[in-house]
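Reminder, nothing fancy here: chain letters follow the sequence lines and each chain counts from 1. What you see below is based on every heavy atom in this structure, not just the backbone, and it leaves out hydrogens, waters and symmetry mates.
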Number of protein chains: 2
Amino acid sequence: MTRNIKIKVARVQLDMTQKDLALAVGVSRQTINAIEQGEYNPTIKLCRAICKVLGKSLDELFWEEENEDER
Amino acid sequence: MTRNIKIKVARVQLDMTQKDLALAVGVSRQTINAIEQGEYNPTIKLCRAICKVLGKSLDELFWEEENEDER
DNA sequence: AATTAATGTCGTATATACTTGACATAATGT
DNA sequence: ACATTATGTCAAGTATATACGACATTAATT
């Protein structure tokens, strides 16, 4: 899977740590870390929560052109 | 969870059945049905695949204003 | 240089997304 | 009316998103 640098950038722009973001959206810090590392594939509900906290749209944070690998 | 009528509308505009869409994105028909019924919470990868097939953006098909229920 | 905070990563466990097969009903076509 | 197609739903299984605890490393503070 491919790293999501966009989340990291948006997070740092708000001066939030992974822990802060995790707390704000109600998941564990490891989950945020794994998403930024591209180690998994969050659910749309979590994506929406992250967008709301970071003040970005789904398209801004989670759209990707390439990579029609598996599901 | 809340029903996703937007997918259904976009799908019907392209004259696709649930089966057609399932095939095009590589999941089972029941998965598409469950998503339209709002029975679960797809992964972002599947959302992207659906968007690409239906020619819509994430924001168009998967944004929701309300419902900060759980996660 | 030493402490503390932030991040990356691993292992084990749990919840749930997704599969497959099956069947019932609704809608569409002949 | 009958046949076919589309949809809804259930049960049992598999894959994986996420949790929690722990520890190592890197970056920031003092």
Other than B:Val9, which residues form its hydrophobic cluster under the rule that side-chain heavy atoms must be closer than 4.5 Å? B:Ile5

To the nearest Å, give me how far apart NZ (A:Lys45) and P (C:dT16) are. 9 Å

C:dC18, D:dT18, D:dT7: which one has an atom nearest the side-chain heavy atoms of B:Asn33? D:dT7

Any side-chain heavy atom of A:Ile32 sitting closer than 4.5 Å to one from A:Ile7? no

Counting heavy atoms from C-beta on, name the nucleotide in D:dG8, D:dT18, C:dT9 closest to the side chain of B:Gln37. D:dG8

Is the phosphate of D:dA17, meaning OP1 or OP2, less than 4.0 Å from a side-chain N or O of A:Asn41? yes

Between P on C:dA17 and OH on A:Tyr40, what's the gap in Å once rounded to a whole number? 15 Å

Let me know the distance between CZ of A:Arg3 and P of C:dT7, rounded to the nearest Å. 12 Å

I'd like to compare against my own output: the B/S/- annotation of nucleotides 20-30 of chain C with a strict under-4.0 Å heavy-atom distance to protein. BBB--------

Could you tell me which residues satisfy side chain to side chain donor-acceptor pair (under 3.5 Å) with B:Glu60, sequence neighbours excluded, listed by chain and number? B:Ser57

Sorted by chain and residue number, the side chain to side chain donor-acceptor pair (under 3.5 Å) partners of B:Gln13 (sequence neighbours excluded) come out as none

So if I take the C1' atoms of five pairs at each end of the helix from C:dA1-D:dT30 to C:dT30-D:dA1 and get each local axis, what angle do the two axes make, rounded to 10 degrees? 60°

Where at least one partner belongs to residues 8-22 of chain A, residue pairs that pass salt bridge (Lys or Arg N to Asp or Glu O under 4.0 Å), sequence neighbours excluded: A:Arg11-A:Glu36

Does the side chain of A:Thr43 get closer than 4.0 angstrom to OP1 or OP2 of C:dT16 through an N or O atom? no

In residues 7-24 of chain A, which ones come under 4.0 Å of DNA chain C, going by heavy atoms? A:Lys8, A:Arg11, A:Thr17, A:Gln18

Geometric cation-pi criterion, B:Lys56 with B:Trp63: 6.0 Å, 45°: no

Rounded interatomic separation in angstrom, taking CG from A:Leu46 and P from C:dA15: 18 Å

Can you check whether A:Arg29 reaches A:Thr17 side chain to side chain, under 4.5 Å on heavy atoms? no

Would you say the side chain of B:Cys47 lies within less than 4.5 Å of the side chain of B:Leu61, judging by non-hydrogen atoms? no

Please enumerate all residues that pass side chain to side chain donor-acceptor pair (under 3.5 Å) together with A:Asn33, with sequence neighbours excluded. A:Gln18

What is the distance from CD1 of B:Ile35 to C1' of C:dC18, rounded to the nearest Å? 9 Å

Does some side-chain heavy atom of A:Leu21 sit less than 4.5 Å from a side-chain heavy atom of A:Leu14? no

Residues forming a side-chain contact (heavy atoms from CB on, under 4.5 Å) with A:Leu23, sequence neighbours excluded: none

Using whole Å, report how far CD of A:Glu36 lies from P of D:dT26. 18 Å

